[in-house]
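Throughout, protein chains are lettered first and strands after them, A, B, ... in sequence-line order, and every chain is numbered starting at 1.
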Amino acid sequence: MTRVVGHFDLDYFYAQVEQIEDPTLRGLPVIVCVYSGRTEDSGVVSTANYAARDLGVKSGIPITVAKNRLKGVEAKFIPMHREKYEAYSERIMLLVRERTDMLEQTGIDEAFFDITSRSGGSFERAKEIGLEIKRQVLQQERLTCSIGLAPNMIVAKLASDYQKPDGLTVVVPEQVKGFMAPMPVDKLYGIGSKSSALMRELGVTTIADLAKADLTLLEGPFGRRLALQLHDAANGTDEQPVVERGEATQLSRIITLKKDSRVVEEILEQLTPAIEDLHKRVIEKRLFFRSISIIGILPNLSVRSRTKTLEKPTAEMSAVRDNGISLLSSLLAETGEIRRVGIKVADLTEASEQSSLADFLR
DNA sequence: CCCTCGATCAC
DNA sequence: CCTCATATCGAGGG
């Protein structure tokens with residue numbers, strides 16, 4: 001039962017959008033930033049185009065560090081415009097969805113898809129579909145993307161990353177083992193810095209190492225489930241189906257405080273707009289929530305949280321705010337000063353389900 | 001089984 | 001110098 005699975009990834013997405021909307025940016029390093037508002041240049045780089053990457057500027061580094069690396073270079077630092085990117089994303093995902101059998105969006109700029117059926121299981125035809133998607137995205141939105149085609153999601157993801165930007169990489173079943181083998185384990189979806197360090201301690205550095213590793217050896221550090229999943233992935237036998245993502249089950253907002261604080265009133269003053277925005281999103285999406293959390297990030301960047309689960313789902317602002325306040329006091333008593341604070345609602349259900357249930361119980 | 005919390009991942 | 005948002009898992013307590 002060999003499938004044809006794809007991974008679709010928009011190239012340096014935010015920076016590319018800014019660049020096509022402002023032709024004067026063309027050819028220059030473009031750096032899209034998340035400004036935290038604490039000081040003039042506090043914050044991190046969200047996305048950098050390739051001209052910037054060539055000069056050592058990449059996602060996640062502090063804006064100040066990026067500016068230092070680009071000293072004496074003409075470069076454009078742009079604050080991110082999330083809603084604009086979301087509009088692009090929605091149109092593009094719709095386009096990709098129409099040309100695939102099943103789409104699983106995993107981020108604003110990427111998605112897995114299955115085209116087993118419409119390719120008839122042929123990677124030749126799959127490649128044509130991939131090229132057609134690339135053409136359409138370029139024609140409709142003027143954006144380039146990279147696509148990977150493979151027999152499963154794990155390999156498709158590696159393939160889309162293999163040639164970037166504007167790439168299309170096809171890995172047919174016979175090539176899977178050889179394609180993956182030399183790659184470092186942390187290229188695998190699900191293996192980040194922590195797991196990578198654990199792997200290194202086990203003497204596992206490449207995907208080939210992981211593929212031939214003793215499963216029982218992996219179970220200690222990773223747990224039975226994950227160990228098997230990773231081992232299978234490395235062997236090219238990932239069976240996870242591409243499935244449509246349902247609605248989000250949690251919504252959150254997090255902010256950086258002007259200065260570290262342990263005073264409820266002071267923190268609340270800055271958190272209130274975030275709470276209001278979060279609640280607005282809940283209402284817009286016609287959702288009910290059953291749990292509320294406060295998240296605190298300490299000056300040392302460690303994370304603490306407090307959660308309150310309600311008897312029954314609600315959409316009340318007061319439920320967010322009042323519980324948020326008491327959770328915040330409780331959290332501060334443990335942490336002392338915090339650097340950032342977040343609010344989250346979870347256990348989301350659709351309002352329609354709530355009303356019909358209420359009708360049913362009546 | 002439910003709830004809470006921290007850890008991890010990846011965007 | 002250190003953003004923001006979501007999902008998932010395991011542990012621990014009840």
Side-chain angles (χ1 to χ4, degrees), chain A residues 7 9-10 12-14 31-47 57-69 79-82 85-86 89 104-112 157 161 185-199 219-230 240 243 245-257 260 274 277-278 281 290-311 323 327 330-331 334-335 338-348:
Chain A
H7 184 256
D9 199 341
L10 287 156
Y12 57 104
F13 182 42
Y14 298 174
I31 301 98
V32 177
C33 302
V34 187
Y35 289 98
S36 69
R38 183 164 263 227
T39 62
E40 169 88 0
D41 277 340
S42 62
V44 297
V45 171
S46 172
T47 316
V57 172
K58 52 176 187 169
S59 296
I61 70 171
I63 294 165
T64 51
V65 171
K67 291 206 165 172
N68 273 323
R69 296 211 175 144
M80 82 161 160
H81 301 112
R82 165 91 61 158
Y85 314 138
E86 277 169 358
S89 174
E104 178 173 347
Q105 198 178 332
T106 53
I108 191 168
D109 65 347
E110 61 181 88
F112 288 97
K157 169 90 176 164
D161 191 54
V185 272
D186 57 9
K187 281 265 176 186
L188 281 179
Y189 195 68
I191 299 195
S193 70
K194 301 292 176 175
S195 303
S196 171
L198 286 175
M199 288 288 182
E219 285 176 356
F222 295 101
R224 223 180 67 93
R225 219 181 120 88
L226 186 59
L228 182 63
Q229 201 176 299
L230 294 174
Q240 304 172 85
V243 284
R245 291 271 167 123
E247 291 301 298
T249 59
Q250 57 178 245
L251 293 173
S252 63
R253 280 236 31 200
I254 188 160
I255 61 160
T256 299
L257 298 171
D260 297 356
D277 177 62
L278 181 64
R281 284 199 280 154
R290 200 164 79 93
S291 83
I292 302 101
S293 302
I294 279 283
I295 302 137
I297 288 104
L298 280 49
N300 68 11
L301 302 186
S302 66
V303 181
R304 292 297 134 87
S305 66
R306 284 284 183 282
T307 301
K308 166 86 175 172
T309 301
L310 309 174
E311 276 296 317
N323 287 296
L327 291 166
S330 152
L331 187 75
E334 181 197 312
T335 60
I338 59 175
R339 175 187 175 89
R340 305 174 61 211
V341 63
I343 180 89
K344 170 171 102 170
V345 291
D347 279 303
L348 301 176

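- Contact annotation for A:Ser59: no contact, since no heavy-atom pair falls under 4.0 Å across all strands.
- The residue A:Val65 sits apart from the nucleic acid: no heavy atom pair falls under 4.0 Å.
- In the set C:dA5, C:dG10, C:dT3, C:dT3 carries the atom at the smallest distance from any side-chain atom of A:Val34.
- Among the atoms of the strands shown, none is found under 4.0 Å from any heavy atom of A:Arg38.
- The residue A:Leu251 sits close only to the backbone: its heavy atoms come under 4.0 Å of sugar-phosphate atoms, none of a base.
- Following rounding to the nearest Å, A:Glu219 (CD) and C:dG10 (P) show an atom-to-atom distance of 12 Å.
- The A:Thr309 side chain lies nearest to B:dT4 when the options are C:dA5, C:dC4, B:dT4.
- Between A:Ser252 and C:dT6 there is a side-chain polar atom (N or O) within less than 4.0 angstrom of OP1 or OP2.
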Annotated protein contacts, base or backbone, on nucleotides 5-11 of chain B with a non-hydrogen cut-off under 4.0 Å, one of B, S, - each: SS-SSSS
Listed pairs under 3.5 Å, donor-acceptor, residues 190-197 of chain A side chains, sequence neighbours left out:
none

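- When rounded to the nearest whole Å, the span between CG of A:Asn300 and C1' of C:dC2 equals 11 Å.
- For the pair A:Leu226 and A:Ile297, both in contact range of DNA chain C, the more 5′-proximal nearest nucleotide belongs to A:Ile297.
- Taking only side-chain atoms of A:Thr256, from C-beta outward, the nucleotide of C:dC1, C:dC4, C:dC9 with the closest atom is C:dC4.
- In this structure, A:Phe112 and A:Arg245 have side chains that are not in contact, with every pair of non-hydrogen atoms separated by 4.5 Å or more.
- Whole-Å rounding puts the A:Lys67 NZ to C:dC2 P distance at 12 Å.
- With A:Thr335 contributing its side chain and A:Leu331 its backbone, the two residues share a donor-acceptor pair below 3.5 Å.
- Under the 3.5 Å distance criterion, with hydrogens and angles disregarded, no donor-acceptor pair is assigned to the side chains of A:Ser305 and A:Ser293.
- Atom-to-atom, OH of A:Tyr14 to C1' of C:dC4 comes out at 9 Å; the value is rounded to the nearest Å.
- A close approach under 4.0 Å does not occur between any side-chain nitrogen or oxygen of A:Arg245 and OP1 or OP2 of C:dT6.
- Whole-Å rounding puts the A:Tyr85 OH to C:dA5 C1' distance at 16 Å.
- Although no hydrogens or angles enter the test, the distance criterion places no donor-acceptor pair under 3.5 Å between the side chain of A:Thr249 and the main chain of A:Leu348.
- Taking side-chain N and O atoms only, A:Arg340 has no distance below 4.0 Å to OP1 or OP2 of C:dC2.
- In this structure, the side chain of A:Ser89 engages the main chain of A:Ile108 through a donor-acceptor pair within 3.5 Å.
- Residue A:Leu301 is in base contact, counting any heavy-atom pair closer than 4.0 Å across all strands shown.
- Taking 4.0 angstrom as the limit, A:Arg82 places none of its side-chain polar atoms (N or O) nearer than this to OP1 or OP2 of C:dC4.
- In terms of position on DNA chain C, the residue among A:Gln229 and A:Pro62 whose nearest nucleotide sits closer to the 5' end is A:Pro62.
- Here C:dC4 presents its P atom at 12 Å from CD1 of A:Ile295, a figure rounded to the nearest Å.
- Between A:Arg339 and the phosphate of C:dC2, there is a side-chain N or O to OP1/OP2 separation shorter than 4.0 Å.
- Among the protein residues, A:Ile255 comes within range of the sugar-phosphate backbone only, with heavy atoms under 4.0 Å from sugar or phosphate atoms but none that close to a base.
- Side-chain atoms of A:Thr307 and A:Leu327, non-hydrogen and from C-beta on, never get closer than 4.5 Å to each other.
- As a whole-Å value, the separation of A:Gln105 CD from C:dA7 C1' is 15 Å.
- Here the side chains of A:Thr64 and A:Thr39 are not in contact, with every heavy-atom distance at 4.5 Å or above.
- You'll find that the side chain of A:Gln250 is closest to C:dT8, out of C:dC1, C:dT8, C:dC2.
- In this structure, A:Arg38 contributes its side chain and A:Gly43 its backbone to no donor-acceptor pair below 3.5 Å.
- A donor-acceptor pair under 3.5 Å is absent between the side-chain atoms of A:Gln105 and the main chain of A:Ala111, judged by distance alone.
- When heavy atoms are screened at a 4.0 angstrom cut-off, A:Ser46 is found touching no nucleic acid atom at all.
- No side-chain donor-acceptor contact under 3.5 Å links A:Arg339 to the backbone of A:Asn300.
- For DNA chain C, each stem of at least three Watson-Crick or G-U pairs (distances under 3.5 Å) is given as range with range: B:1-8 with C:7-14.
- A:Leu278 has its CG atom 11 Å from the C1' atom of C:dA5, to the nearest Å.
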